[in-house]
2 protein chains.
Amino acid sequence: MPEQAAGMSHRPAPVHTHPDDVPLLTALSALADPVRIQLIRDLARHPDWALSCSGFDVPVGRAAKSHHFSVLRDAGLVEQRDQGPKRLNRLRREEFDARFPGLLDLVLRADDGE
Amino acid sequence: MPEQAAGMSHRPAPVHTHPDDVPLLTALSALADPVRIQLIRDLARHPDWALSCSGFDVPVGRAAKSHHFSVLRDAGLVEQRDQGPKRLNRLRREEFDARFPGLLDLVLRADDGE
DNA sequence: AGCACTGTATGATGGCCATCGAACACTGGG
DNA sequence: CCCAGTGTTCGATGGCCATCATACAGTGCT
């Protein structure tokens, strides 16, 4: 039974930026990284809130992964929700597409042959 | 009268990459730079071949400008043609848009309020 | 309480990239 | 031929960023 007393120490909720408040340069910079592209594609292949941060198979350590998710949050690409010890993720498809039409589609399209 | 003899020293023609041969990551990285975005926007505001490299008003020196145009060429964003001592530029709108639909429109759209 | 799991924060490191100054090359005109 | 204009190349520099190892903080289970 979760106590909600005064001096209780919470885990700080993740700070989000709405896509509408994201500068174009921030969005492009966030997407100009192979690891983050892979994270976004993995995310798109699963239902919302299905994946926790550790559920992604990228060739970097936990620290770097955490950093990448921070960048994705700042770019309005990912929303996170805490559930137990895990931090579940959701791709902000509609919202991001409304701000930058077509951009997310480009990344998700697999025609990135070269 | 321009002689075209054998041992004549030409200026090496600029090396271009067709947008179809450009990886997504290359395109995004090329666009994730404020100076290059400004170059592209300036270019879009003028007719094809209207501007030479020195005709752009960006806050960097000649060397850096030359480097940026090299990046834009490699990303399939700009085509260059030599005319006299000048190197004229053209934005590859249709070709680039065919490869990355909507991406160029995003950059050219002025709604980059923040 | 103790523990395993998960994620974040903190340096430290290495590499890539944007920039500059200077030198060099090509072009066209006086 | 000299010169002014244009653009590239080279070496050096500084900064930003991705990564790591480590330590730390929360959460829930036993």
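Only a predicted model underlies this, so the values are computations on that prediction, with no experimental measurement involved. Chain A is the first sequence line, chain B the second, and so forth, proteins listed ahead of strands; every chain is numbered from 1.
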*Asks:* From C:dT8, C:dC20, D:dC20, pick the nucleotide closest to the side chain of A:Val60?
*Replies:* D:dC20
*Asks:* Return the value, rounded to whole Å, for the distance between atom CG of B:Leu39 and atom P of C:dA18.
*Replies:* 12 Å
*Asks:* Separation of B:Arg62 atom CZ from D:dT8 atom P, in whole Å?
*Replies:* 12 Å
*Asks:* Please examine the side chains of A:Arg90 and A:Val78, heavy atoms only from C-beta on, and report whether any two atoms are closer than 4.5 Å.
*Replies:*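 No, side chains not in contact.
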*Asks:* Please step through side-chain contact (heavy atoms from CB on, under 4.5 Å) for the pair A:Leu28 and B:Ile37, ending with a clear verdict.
*Replies:* CA-CA 11 Å; A:Leu28 292 175; B:Ile37 287 186; 4.3 Å; yes
*Asks:* Looking across every strand, which nucleic acid part, if any, lies under 4.0 Å from A:Ser52 by heavy atom: base, sugar-phosphate, or nothing?
*Replies:*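 The residue A:Ser52 makes sugar-phosphate contact but no base contact.
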*Asks:* Return the value, rounded to whole Å, for the distance between atom CZ of B:Phe69 and atom C1' of D:dT6.
*Replies:*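 The answer, rounded to whole Å, is 13 Å.
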*Asks:* Looking for any heavy atom pair under 4.0 Å, which part of the strands does A:Arg11 touch: base, sugar-phosphate only, or nothing?
*Replies:*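 A:Arg11: backbone/sugar contact only, no base atoms under 4.0 Å.
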*Asks:* Quick one: A:Leu25 CG to C:dA18 C1', roughly how many Å, whole number?
*Replies:*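 Computing the A:Leu25:CG to C:dA18:C1' distance gives 13 Å.
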*Asks:* Using the closest heavy atom to pick a nucleotide of DNA chain D for each, name whichever of A:Pro12 or B:Lys86 lands nearer the 5' end.
*Replies:*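 Per heavy-atom nearest nucleotide, the more 5' residue is B:Lys86.
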*Asks:* Check whether any side-chain N or O of B:Lys65 sits under 3.5 Å from a backbone N or O of B:Phe56 as a donor-acceptor pair, and report yes or no.
*Replies:*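 Yes, the answer is positive, given that a donor and an acceptor are paired below the 3.5 Å cut-off.
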*Asks:* Between B:Arg36 and B:Leu72, is there a donor-acceptor pair closer than 3.5 Å when you use the side chain of the first and the backbone of the second?
*Replies:* no
*Asks:* A:Gln83 has an atom CD; how far is it from atom C1' of C:dG7, in whole Å?
*Replies:* 15 Å
*Asks:* Check DNA chain C for consecutive Watson-Crick or G-U pairs with both distances under 3.5 Å and list the runs of at least three as stems.
*Replies:* C:1-30 with D:1-30
*Asks:* Taking the side chain from A:Thr26 and the backbone from A:Val22, do they hold a donor-acceptor pair closer than 3.5 Å?
*Replies:* no
*Asks:* Check the distance between C:dT6's P and A:His67's NE2 and give it to me in whole angstrom.
*Replies:*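 Rounded to the whole Å, the gap is 22 Å.
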*Asks:* From the list D:dC20, C:dT8, C:dC20, which nucleotide is the closest neighbour of the side chain of A:Ala64?
*Replies:* D:dC20
*Asks:* Any donor-acceptor pair under 3.5 Å linking the side chain of A:Asp97 with the backbone of A:Gly102?
*Replies:*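 Yes, because the side chain of A:Asp97 sits within donor-acceptor range (under 3.5 Å) of the backbone of A:Gly102.
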*Asks:* Which nucleotide in the list D:dC20, C:dT6, C:dT19 gets nearest to the side chain of B:Val35?
*Replies:*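 Side chain of B:Val35 sits closest to C:dT19.
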*Asks:* Quick check on C:dT8: is either OP1 or OP2 less than 4.0 Å from any side-chain nitrogen or oxygen of A:Ser70?
*Replies:*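 No, A:Ser70 has no side-chain N/O under 4.0 Å of OP1/OP2 on C:dT8.
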*Asks:* Look at the side chain of B:Ala63 and decide which nucleotide, out of C:dT8, C:dC20, C:dA18, has an atom nearest to it.
*Replies:* C:dC20
*Asks:* Give the rounded distance in Å between these two atoms: CZ of B:Arg87 and C1' of C:dG28.
*Replies:* 16 Å
*Asks:* A:Asp82 vs A:Arg11, test: side-chain contact (heavy atoms from CB on, under 4.5 Å). Steps then yes/no.
*Replies:* CA-CA 9 Å; A:Asp82 286 345; A:Arg11 170 151 57 155; 3.5 Å; yes
*Asks:* How would you label the contact of B:Asp33 with the nucleic acid (heavy atoms, under 4.0 Å): base, sugar-phosphate, or nothing?
*Replies:*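 B:Asp33: backbone/sugar contact only, no base atoms under 4.0 Å.
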*Asks:* Under 4.0 Å from OP1 or OP2 of D:dT9: is there any side-chain N or O of B:Ser66 that close?
*Replies:* no
*Asks:* Can you see if the side chain of B:His10 gets near the phosphate of C:dA25 - specifically, an N or O under 4.0 Å from OP1 or OP2?
*Replies:* no
*Asks:* Atom CZ of B:Phe56 and atom C1' of D:dT6: how far apart are they, to the nearest Å?
*Replies:* 14 Å
*Asks:* Can B:His16 and B:Arg73 be counted as having a side-chain donor-acceptor contact under 3.5 angstrom?
*Replies:*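 B:His16 vs B:Arg73: no donor-acceptor pair found between side chains.
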